[in-house]
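Inspection log for the structure reproduced underneath, given as structure tokens.
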Amino acid sequence: MKTYLTPALAGAAILAAGMSVAGAATLDDVKAKGFLQCGVSTGLAGFSNPDDAGEWTGLDVDYCRAIAAAIFNDPKAVKFSALSAKERFTALQSGEIDVLVRNSTWTMSRDTQLGLAFAGVNYYDGQGFMVKKGLGVASAKELDGASVCVQTGTTTELNLSDYFKANGLTYNPVVFEKLEEVNAAYDAGRCDVYTTDASGLYAIRLTFSNPDEHVVLPEIISKEPLGPVVRQGDGQWFNIVKWTHNALLNAEEAGITQANVEEMKSSENPDVKRLLGLDGGFGESIGLSNDWVVNIVKGVGNYGELFERNVGTTSPLGIARGQNALWTDGGLQYAPPVR
Amino acid sequence: MRHCRPGTVRDTELLLSTSLRKVSMAIQNDAGKAGGRSGPGLSAFIYDPFYRGLIFQALIALAVIWTGYEIVVNTIANLQRANIASGFGFLGQRAGFDVSQSLIPFTNDSTYGRAFFVGLTNTLLVAALAIFFSTLLGFIVGIARLSPNWLLRKVAMVYVEIFRNIPLLLQLLFWYKAVLALLPQPRQGIELPFNSSLSNRGLIVPRFIPENGFAIVFAVFVAAIVGAVLLARWAKQRQMATGQQFPTIIASLGIIIGLPVLAFLVMGTPMTVEYPELRGFNFVGGVAMKPEFMALLLGLSIYTASFIAEIVRAGIQAVSYGQTEAAAALGIRPGIATRLVVIPQAMRVVIPPLTSQFLNVTKNSSLGVAIGYPDLVAVFSGTVLNQTGQAVEVIMITMLVYLTISLTTSLFMNWFNSRMRLVER
């Protein structure tokens, strides 16, 4: 009888133990394992994309590196999880990743019903349409009856439906789970139109054999504030991610760059001194060292450098700062002060 | 204790039968115990295999129930603690997205619950059609593998070996790419009769719209089928009694086709035809068979047919050649011998593994998500799951649905199997 009983009891014990969700502080977990597990896309140029050498690059990837730099003073202390749109939130909810920086749109339902919290907006985007030039379409209003390729599990899918309905147009959705599948179907001519966030359209257009054959239509049909996401219930971790983002913006505003961060330490500007941890204990207040901003900027640069390097006019994507310029330059990027 | 054999406990059924055996053993023990082992103490109670068995079975049952209860309670508690919405209320909310192919009316104002049924009907549609075509093709190929014609036999063999040995997902991707690559844009679509067109938007055919009075035509059609069945039964009885044959197939076809056509004409052709028309980007009107659907149906049918072919071949080869010889000795022609002697006996062997294949088709249809076919997995546990974020509920419902479909298929096939069973006298 012993042979029957032992596995049964062992099984019950395992189940009982496995059912309690790890509720410990994320920062402690991350420090204990020695790296940050960061959720990114499966490959979107400019945001999160492995380069020729297999290194992840992009704006979202640099956000992961910035958080790692703030914690470990090492922007390389990151492991990346490539996630489809469908998998991303479940991966974060289940604790598989520590933070999700995957061009994800901040919406109310995601903020309130998924047990998640958006920590800021690292890219102000909007949904657009791309068509082949040969179709001779100049406006999204001419797309009546078109087949539209779209990725499942995105706000894009819903905006698309709303837009066509509001304009009294019909369309036929062709829905795929993975971005590469959507790209392939559009490239093969299965759809007339490709829709996703405008930044994504520019990035995807570059991957086609002849980018000049495709044109992005002028209509932007939605607000897509993209940003990093964490689980609810861990205020300290939420603050770390939120203030890493704010630090990147404040560094740009204060003129602190990757190149001059050491020199700036001798600045007499009280804003700069607070930011670089020479005055006050701001880093310690979120569980980091006081030179956290120095580490971030030394590791990856400020927001403006990140933007230019990955998606800006010096990158293959060539996107202008536009709405993503600092508020001082007429954009929307505005960070609360470190004070 | 004569019957006492050490048994491994594998499932409840075995447990039950073990306990029954223990009851009988306990009775035998009581009978043989007269004057034997005495002392009705606690140790006697514990060492009695019957009671010991009962106690442990009860404990295991309790453990299973407790585990299930704990899983449910913990899941709910954890979801609430993580601030994740739970419950099934989302099924009544507005979906807000569109689906490319739907058997039931669906707009973005429909509910998530309706989106579930859209996915379900799409899954059932492709599964049912794939079962039909794979069975048809599988039987043909399976019989061809035993053909005396060398070329036919080898072609069937190559077919089976290729399609049975490549993963289904790869085959689906291949068919999808092949379908998309071969077919032209809608404006250069291949023209077919009746304004039909084949392009990479799919096969577009005219739609038939029934008008008033079409219900009568349909009723006549149903009545004709019933009539044909009755006729076949009568013809069989007459043949059994008198030996006279009746051309059942031709007569049945005549009834099933002729009567509805007659009714259709009498009612004054109560139907309009909507021809597809190329307007702007796409065809307007007509019914479209989407490339995703075609690729999935093609891939599933061809893949499953290769397995069914092997099952059919094995079934036929399981019937001893003596049966064929005996039929020949009785003067039965080879065609009839195959149909009336070999196939019925082969079916006994064929049906149980065939059931597994039918179950596989339904489950494999979920791979359609890779090529954008809006089945249950794509629509419900894809889009709906993402838009609501209620993974636990959605996945649970999806699993239950596949379980239900599979069990229903299995029940039907078991019933069919018992009907086809060799009746031994």
Side-chain angles (χ1 to χ4, degrees), chain A residues 1 4-5 8-9 11-12 15-16 19-21 23 85-86 88-90 93-94 109-110 112-117 135 137 142-147 149-150 152-155 157-158 160-162 164-165 170-178 181-182 184-185 188-190 192-193 231-233, chain B residues 9 52-53 56 59-60 63-64 66-67 70-71 73-75 77-79 81-85 95-101 107-109 176-177 180-181 183-186 200-201 279-284 288 290-292 369-372 374 378-379 381-383 385-391:
Chain A
M1 275 304 159
Y4 295 170
L5 192 62
L9 282 182
L15 273 168
M19 278 178 295
S20 63
V21 160
K86 185 175 158 183
R88 54 186 166 177
F89 296 123
T90 320
Q93 285 168 343
S94 66
S109 65
R110 285 173 178 177
T112 55
Q113 289 172 20
L114 300 184
L116 305 177
L135 285 177
V137 174
E142 299 167 28
L143 292 177
D144 194 20
S147 294
C149 276
V150 62
T152 188
T154 54
T155 47
E157 211 179 346
L158 303 179
L160 173 69
S161 179
D162 287 350
F164 275 82
K165 188 177 170 161
T170 60
Y171 75 106
N172 199 307
V174 186
V175 183
F176 295 92
E177 192 189 328
K178 299 221 159 54
E181 291 164 358
V182 191
R190 172 65 184 92
D192 308 301
V193 187
R231 281 182 293 279
Q232 280 178 14
Chain B
V9 180
R52 200 169 58 185
F56 279 112
L59 282 179
I60 288 173
V64 169
W66 173 76
T67 310
E70 280 291 299
I71 288 175
V73 167
N74 265 290
T75 309
N78 282 339
L79 286 177
R81 196 169 53 200
N83 274 336
I84 299 172
F97 60 88
D98 296 280
V99 180
S100 62
Q101 176 191 324
T107 67
N108 58 8
D109 285 329
Y176 187 52
K177 306 280 177 212
L180 281 190
L183 294 176
Q185 290 286 325
N200 64 10
R201 295 291 183 275
R279 205 184 297 156
F281 284 98
N282 223 325
F283 285 92
V284 179
K290 300 271 169 2
E292 290 81 25
V369 71
I371 56 170
V379 173
S381 60
T383 303
L385 188 159
N386 264 281
Q387 303 302 358
T388 62
Q390 295 189 261

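Computed from a predicted model, the values in this text were never measured in an experiment. Quick note on labels: first sequence line is chain A, next is B, and so on, each numbered from 1.
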What pair of heavy atoms forms the shortest contact from [X] to [Y], and how long is it?
X: Arg190(A); Y: Asn200(B); answer: CD-O, 3.5 Å
X: Val174(A); Y: Glu292(B); answer: CG1-OE2, 3.5 Å
X: Leu158(A); Y: Gly96(B); answer: CD2-O, 3.4 Å
X: Gln387(B); Y: Thr154(A); answer: NE2-O, 3.0 Å
X: Gly389(B); Y: Leu114(A); answer: CA-CD2, 3.3 Å

Please classify the contact of [X] with chain B as side chain, backbone, both or neither, using a heavy-atom distance under 4.5 Å.
X: Glu181(A); value: side chain
X: Leu160(A); value: neither
X: Val137(A); value: side chain
X: Glu142(A); value: backbone

Which one, Phe176(A), Phe89(A), Phe164(A), leads in non-hydrogen pairs under 4.5 Å with chain B?
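Looking at each option in turn, the highest pair count goes to Phe176(A).
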Among the options Ala184(A), Ala185(A), Ala146(A), Cys149(A), pick out the one with the most heavy-atom pairs lying under 4.5 Å from chain B.
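Among the listed options, the one with the most contacts to chain B is Ala146(A).
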Which value, rounded to the nearest 0.5 Å, describes the distance between Leu79(B) atom CG and Gln93(A) atom CD?
8.0 Å
Can you tell me how far the OG1 atom of Thr155(A) sits from the CG atom of Asn386(B), to the nearest 0.5 Å?
10.5 Å
Heavy-atom distances under 4.5 Å only: say whether Val64(B) touches chain A with side chain, backbone, both or neither.
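Neither part.
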Engaged part of Ile371(B) at the chain A interface, taking heavy atoms whose separation is under 4.5 Å:
backbone
Can you tell if the side chain of [X] reaches within under 4.5 Å of the side chain of [Y], non-hydrogen atoms only?
X: Lys86(A); Y: Leu385(B); answer: no
X: Asn172(A); Y: Ser100(B); answer: yes
X: Arg201(B); Y: Asp192(A); answer: yes

Which residue is it: Asp109(B), Asp98(B), Thr107(B)? I am looking for the one with a side chain to side chain donor-acceptor pair (under 3.5 Å) to Lys165(A).
Asp109(B)
